[in-house]
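Let me begin by presenting the structure, written as structure tokens, before commenting on it.
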Protein chains: 2
Amino acid sequence: MNTGTEAPRRTRIQQEKRELILEAALEVFSTNGFRGSTIDQIAEAAGMSKPNLLYYFRRKEDIHETLMQRLLDTWLAPLRELDDIGDPMTELRSYIRRKLEMARDFPRESRLFANEILQGAPRIMPLLAGELKTLVDEKAAVIKGWMRAGKIARTDPWHLIFSIWATTQHYADFDVQVRAVLGPNRGGDGRFEDAARFLEQLFLDGLKPKG
Amino acid sequence: MNTGTEAPRRTRIQQEKRELILEAALEVFSTNGFRGSTIDQIAEAAGMSKPNLLYYFRRKEDIHETLMQRLLDTWLAPLRELDDIGDPMTELRSYIRRKLEMARDFPRESRLFANEILQGAPRIMPLLAGELKTLVDEKAAVIKGWMRAGKIARTDPWHLIFSIWATTQHYADFDVQVRAVLGPNRGGDGRFEDAARFLEQLFLDGLKPKG
DNA sequence: CAAATTTTTGACCGATTGGACAAACGTTAG
DNA sequence: CTAACGTTTGTCCAATCGGTCAAAAATTTG
């Protein structure tokens, strides 16, 4: 009765090994990009032979695709949670905080995504112009409502969202540079709290001195 | 009298062809990363055969290295120009504007740099911890002076610089995503002016509604 | 237990990779 | 013209690439 289009049944071993491979592939892909990564690298990182890996994922692209699908769900979760119910300024502040926490806790996911976009998003272009655009447009409308209600200053909601993405993901994607510039003292574990404090002030009050 | 360590003398043809190769390599490296790019791709983009290309640059790494050296000079120029002479707020605003113009006019350079950092900066790490850190520390001191003088709000100067880098370079590195989300209307040529307006407001006043 | 099924691996394949090399070609100075 | 030098290319190479396959090993099922 298996038509070939249903979700495949998987044994316990298959589930475990697939997780192992995806974990290893996340590490490798996020630091070398898709074309820069080899199946051998992933297999070695996963502690298995190349043919064994190919038994679970028949093609290199299949691993990357699976990884990307999972990524986008969790990656956009904070934006999805941006809601119209609470206080706008609080809502935005907690969105920024959540995004920064994700950059801290899931830097590899951020870099995997950055690698894909940097190289022209050849594998997720439809998703960007479809699902992502829809979501952002929806949230931009929410933000516009806040502006009309005088709850936050009037600006471009789309570019506001871009600026939040850029500033928070910077601490994952450019982590090497951030740590190099901050040096051993300021570049330690505390750098994310410093960043959180700074970003909160930036998005709240900007840089103009208080009159 | 050539000791092998002096700067090599180059014919007119050599200079021209080397330029041609570097231009082609910038295109290829910036979209595929170092490992993801092949000499054949660069040679074809430069309109010459692979052995011919290797006559001008003996190794793939040599091309990338030359590209990176040139890049860093021009890339940090705007920050170098940040000076203590003018009005602080104006000075910062024009720094942001210049960085955004560079993201618009030299997106390939931005992506080349982003690719290198994303992959752990294996080839320019010493530069980051050396020359770059020195420059940023110097400018952070200037900004701190402005804060002490009450010219701009007190925050972390290093993270301020990061946020300017992140928000401006985002429009080069994530250009595909920006255009996909903005759509054909808002994502056209005007997007950089929209971004400029938004960033100016963000860094000046933040998002708090005017009382 | 034994049979059926799933998992693992060594060996292998054609294609592509970065690079070497000598020969051919073009250019220029004497 | 010719010798010297600079430029270009076809051919080749070893290493690595993504992926196949049959057979061995391990596991599950009856």
Side-chain angles (χ1 to χ4, degrees), chain A residues 1-2 4 6-29 31-68 115-116 119 122-123, chain B residues 1-2 4 6-29 31-68 115-116 119 122-123:
Chain A
M1 201 59 93
N2 189 331
E6 324 169 352
R9 280 173 214 159
R10 299 213 169 95
T11 67
R12 179 186 49 89
I13 293 185
Q14 271 171 353
Q15 284 188 10
E16 288 174 4
K17 291 296 170 86
R18 282 175 64 95
E19 276 325 300
L20 205 73
I21 292 168
L22 289 172
E23 158 67 24
L26 174 59
E27 186 72 30
V28 176
F29 279 141
T31 52
N32 298 110
F34 181 76
R35 294 202 50 183
S37 304
T38 71
I39 300 181
D40 295 86
Q41 282 178 317
I42 301 171
E44 198 197 329
M48 63 180 69
S49 66
K50 181 169 66 170
N52 197 184
L53 181 149
L54 287 165
Y55 169 72
Y56 295 103
F57 292 90
R58 304 180 69 157
R59 293 180 310 161
K60 183 183 168 185
E61 273 209 51
D62 292 348
I63 311 175
H64 191 267
E65 199 184 314
T66 306
L67 227 38
M68 281 310 249
N115 258 307
E116 176 70 10
Q119 296 173 11
R123 281 167 284 270
Chain B
M1 202 58 94
N2 190 330
E6 324 169 351
R9 280 175 212 157
R10 298 209 170 101
T11 67
R12 179 184 51 87
I13 291 184
Q14 270 171 353
Q15 286 188 10
E16 288 173 3
K17 290 296 170 83
R18 281 175 65 95
E19 274 327 298
L20 206 73
I21 292 168
L22 289 171
E23 158 66 25
L26 174 59
E27 186 72 30
V28 176
F29 279 141
T31 52
N32 298 110
F34 180 76
R35 292 201 52 184
S37 305
T38 72
I39 300 182
D40 295 87
Q41 282 178 319
I42 301 172
E44 198 197 329
M48 64 179 71
S49 65
K50 181 169 67 170
N52 197 184
L53 183 149
L54 286 166
Y55 169 71
Y56 294 103
F57 291 90
R58 304 180 67 161
R59 293 179 311 161
K60 183 183 168 186
E61 272 210 51
D62 292 349
I63 312 176
H64 192 267
E65 198 184 316
T66 306
L67 227 37
M68 281 309 249
N115 258 308
E116 176 70 11
Q119 297 174 9
R123 281 167 282 271

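Throughout, a chain's letter reflects where its sequence line sits, starting with A, and its residues are numbered from 1. What you see below is based on every heavy atom in this structure, not just the backbone, and it leaves out hydrogens, waters and symmetry mates.
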Does any non-hydrogen side-chain atom of B:Phe29 lie less than 4.5 Å from one of B:Lys60? yes
How would you label the contact of B:Leu54 with the nucleic acid (heavy atoms, under 4.0 Å): base, sugar-phosphate, or nothing? base
Assert: residue with more 5' nearest nucleotide on DNA chain D, out of B:Leu53 and A:Thr38, is B:Leu53
*asked:* For a quick check of understanding: with a heavy-atom distance under 4.0 Å over all strands, which category does A:Lys17 fall into, base, sugar-phosphate or nothing?
replied: sugar-phosphate
- Task: Give a yes/no on whether any side-chain N or O of B:Tyr56 is located under 4.0 angstrom from OP1 or OP2 of D:dT8.
- Result: yes
Note to self: Regarding A:Phe57, tell me which of base, sugar-phosphate or nothing describes its non-hydrogen contacts under 4.0 Å with the strands shown.
What the structure shows: nothing
**B:Glu116 side chain vs B:Arg123 backbone, donor-acceptor pair below 3.5 Å** = yes
Closest to the 5' end of DNA chain C, once A:Met48 and A:Arg35 are matched to their nearest nucleotides, is A:Met48
State, with a plain yes or no, whether a side-chain heavy atom of B:Asn115 is found less than 4.5 Å away from one of A:Gln119. yes
Does B:Tyr55 put a side-chain nitrogen or oxygen below 4.0 Å from OP1 or OP2 of D:dT8?
-> no
Among the nucleotides D:dT11, D:dG18, D:dC21, whichever has the atom closest to the side chain of A:Lys50 is D:dG18
Whole-Å distance, B:Arg18 CZ to D:dT8 P, equals 14 Å
*Going by heavy atoms in the side chains, are A:Phe57 and A:Ile39 under 4.5 Å from each other?*
no
field: Phosphate-side-chain proximity, B:Asn52 and D:dT9, N/O vs OP1/OP2 below 4.0 Å
entry: yes
Outer limits of DNA chain C sitting under 4.0 Å from a non-hydrogen atom of chain A, read 5' to 3', are C:dT6 to C:dA11
